K.L.:
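Mind having a look at this structure? Questions to follow.
Note that this is a predicted model, so its numbers are computed, not measured.
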Amino acid sequence: MKKLIGPFCLTFALLAGGVGASSGADYEKGLDAFLAGDYATALGEFRPLAESGHAIAQFTLGVLYDKGLGVPQDFDIALKWYTLAADQGYAGAQTALGEMYRKGNGVPQDNRIAARWYTLAAEQGHAGSQHNLGLNYSRGKGVPQDYVYAHMWLNIAASQGDEGATKQRKRAARKMTSAEISAARKLARECVAKEYKGC
């Protein structure tokens, strides 16, 4: 369970400051409950926030239903909450939707749709989606197989500390020429300079 919760803890910690004053106490109470494993309390605190349009609360409800934390696992409900948060531009929810479509959890398995969600999150700097998008390019899943783009996205994710992306980048590099690796590195630098937009 620690592996699952770790990234969410960081996400919540980074975004907790963005909660409005009127909902801040409820959010903090829900966050504390979530981190303590008291998912029933977290659900009770986050649901009204989610229903009022709070993207992080919507994402959190998606996580609870997706993973079956304190509630029966229900991919349909998870999909609803993830989609609401993703449509507001929340990268964590976009990544979660990419995972649902990649795995076929509650939706038809579709690598093209997964790659679209990963792209939206990757262009916001989400390292996990950058890693996943790199894998998609490496394997030709939902996007054309392209080791240059695979290396580029994996390189960007690795530069943010994603150790798995570092390993995958090395694997992709074994299938590339030195000119292709140079081109991928150049694209990665340009992409970061553009803040990931249009990469």
Side-chain angles (χ1 to χ4, degrees), residues 1-110 113-114 116-133 135 157-158 160-166:
M1 185 56 67
K2 284 185 179 180
K3 191 170 186 175
L4 165 72
I5 300 302
F8 298 122
C9 294
L10 177 59
T11 301
F12 291 129
L14 291 173
L15 297 173
V19 179
S22 63
S23 61
D26 295 336
Y27 178 83
E28 290 298 326
K29 186 175 178 185
L31 175 60
D32 290 343
F34 183 91
L35 296 175
D38 180 0
Y39 302 120
T41 299
L43 182 71
E45 296 299 328
F46 284 128
R47 184 176 299 281
L49 294 171
E51 289 171 350
S52 71
H54 189 284
I56 302 169
Q58 292 168 341
F59 168 69
T60 306
L61 289 185
V63 170
L64 293 172
Y65 282 100
D66 187 7
K67 306 303 179 191
L69 302 173
V71 294
Q73 187 176 46
D74 189 322
F75 292 132
D76 290 335
I77 296 174
L79 180 68
K80 168 193 163 185
W81 291 114
Y82 283 155
T83 301
L84 288 169
D87 286 346
Q88 292 189 65
Y90 188 66
Q94 292 166 341
T95 301
L97 283 172
E99 285 295 290
M100 289 186 81
Y101 280 98
R102 182 181 67 82
K103 295 175 182 175
N105 288 345
V107 294
Q109 195 277 333
D110 190 323
I113 295 174
R116 278 198 306 250
W117 284 115
Y118 290 150
T119 299
L120 289 170
E123 289 181 345
Q124 293 185 68
H126 191 281
S129 273
Q130 291 165 344
H131 180 161
N132 291 338
L133 193 55
L135 291 177
Q160 295 193 71
D162 186 320
E163 292 176 19
T166 301

K.L.:
Check Ala91 against Ala121 and note the closest heavy-atom contact, atom names and distance.
P.N.:
O-CB, 3.6 Å
K.L.:
Test of understanding: with salt bridge (charged side-chain N to carboxylate O under 4.0 Å, His left out), list the residues that count as partners of Glu99, not counting sequence neighbours.
P.N.:
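Per chain and number, Glu99 pairs via salt bridge (charged side-chain N to carboxylate O under 4.0 Å, His left out) with Arg102, Lys103.
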K.L.:
Between Ile56 and Tyr90, which heavy-atom pair has the shortest distance, and what is it?
P.N.:
CG1-CE1, 3.9 Å
K.L.:
What's the separation between atom CG in Leu31 and atom CG in Asp26, rounded to the nearest 0.5 Å?
P.N.:
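Rounded to the nearest 0.5 Å, the CG-CG separation comes to 12.5 Å.
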K.L.:
Which residues satisfy the side-chain contact (heavy atoms from CB on, under 4.5 Å) test with Ile77, sequence neighbours excluded?
P.N.:
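So Ile77 forms a side-chain contact (heavy atoms from CB on, under 4.5 Å) with Tyr65, Asp74, Trp81.
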K.L.:
For a side-chain contact (heavy atoms from CB on, under 4.5 Å) check, start with the C-alpha distance between Leu43 and Tyr39, then their side-chain angles and the critical distance, and finish with the verdict.
P.N.:
CA-CA 6 Å; Leu43 182 71; Tyr39 302 120; over 6 Å; no
K.L.:
In Å, rounded to the nearest 0.5 Å, how long is the span from CG of Asn132 to NE2 of His126?
P.N.:
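So the CG of Asn132 and the NE2 of His126 are separated by 9.0 Å.
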K.L.:
State, to 0.1 Å, how close Ala158 and Ala165 come at their nearest heavy-atom pair, and which atoms those are.
P.N.:
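Between these two residues, the closest heavy atoms are N-CB, 3.8 Å.
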K.L.:
Got a donor-acceptor contact below 3.5 angstrom from the Gln160 side chain to the Gly125 backbone?
P.N.:
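It does hold such a pair.
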K.L.:
Evaluate side-chain contact (heavy atoms from CB on, under 4.5 Å) for His54 paired with Tyr27, printing each intermediate quantity in order.
P.N.:
CA-CA 10 Å; His54 189 284; Tyr27 178 83; 3.9 Å; yes
K.L.:
For Phe75 and Asp66: C-alpha separation, side-chain torsions, deciding distance, then whether side-chain contact (heavy atoms from CB on, under 4.5 Å) applies.
P.N.:
CA-CA 5 Å; Phe75 292 132; Asp66 187 7; 3.3 Å; yes
K.L.:
When rounded to the nearest 0.5 angstrom, what distance separates CD1 in Ile113 from OH in Tyr118?
P.N.:
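Ile113 atom CD1 to Tyr118 atom OH measures 12.5 Å (nearest 0.5 Å).
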K.L.:
Rounded to the nearest 0.5 Å, what's the gap from CZ on Arg47 to CG on Leu49? Could you check?
P.N.:
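Here the rounded value is 11.5 Å.
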K.L.:
If you measure from OG1 on Thr83 to CE on Met100, what distance do you get to the nearest 0.5 Å?
P.N.:
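Rounded to the nearest 0.5 Å, the OG1-CE separation comes to 8.0 Å.
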K.L.:
Excluding sequence neighbours, so at least two apart, what forms salt bridge (charged side-chain N to carboxylate O under 4.0 Å, His left out) with Arg116?
P.N.:
none
K.L.:
If you take all heavy atoms of Gly98 and Ala114, which pair is closest and at what distance?
P.N.:
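Closest approach of Gly98 to Ala114: O-CB, 3.3 Å.
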K.L.:
Any side-chain to backbone donor/acceptor pair from Gln58 onto Ala50? Under 3.5 Å, distance only.
P.N.:
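Checking the backbone N and O of Ala50 against the side chain of Gln58, a donor-acceptor pair under 3.5 Å is found.
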K.L.:
Give me the atom names and distance for the closest heavy-atom approach of Ala127 to Asp162.
P.N.:
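Between these two residues, the closest heavy atoms are O-OD2, 3.8 Å.
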K.L.:
Indicate yes or no for a side-chain donor-acceptor contact from Gln88 to the backbone of Gly53 under 3.5 Å, with no hydrogens or angles considered.
P.N.:
yes
K.L.:
Could you tell me which non-hydrogen atom of Ala42 sits nearest to which non-hydrogen atom of Gly30, and how far apart they are?
P.N.:
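Smallest interatomic distance, heavy atoms only, reads CB-O, 3.6 Å.
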K.L.:
Are the side chain of Gln130 and the backbone N or O of Ala122 linked by a donor-acceptor pair below 3.5 Å?
P.N.:
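Yes, the answer is positive, given that a donor and an acceptor are paired below the 3.5 Å cut-off.
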K.L.:
Just how far is it from atom CG of Leu97 to atom CZ of Phe59, taken to the nearest 0.5 Å?
P.N.:
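Output value for this atom pair is 10.0 Å.
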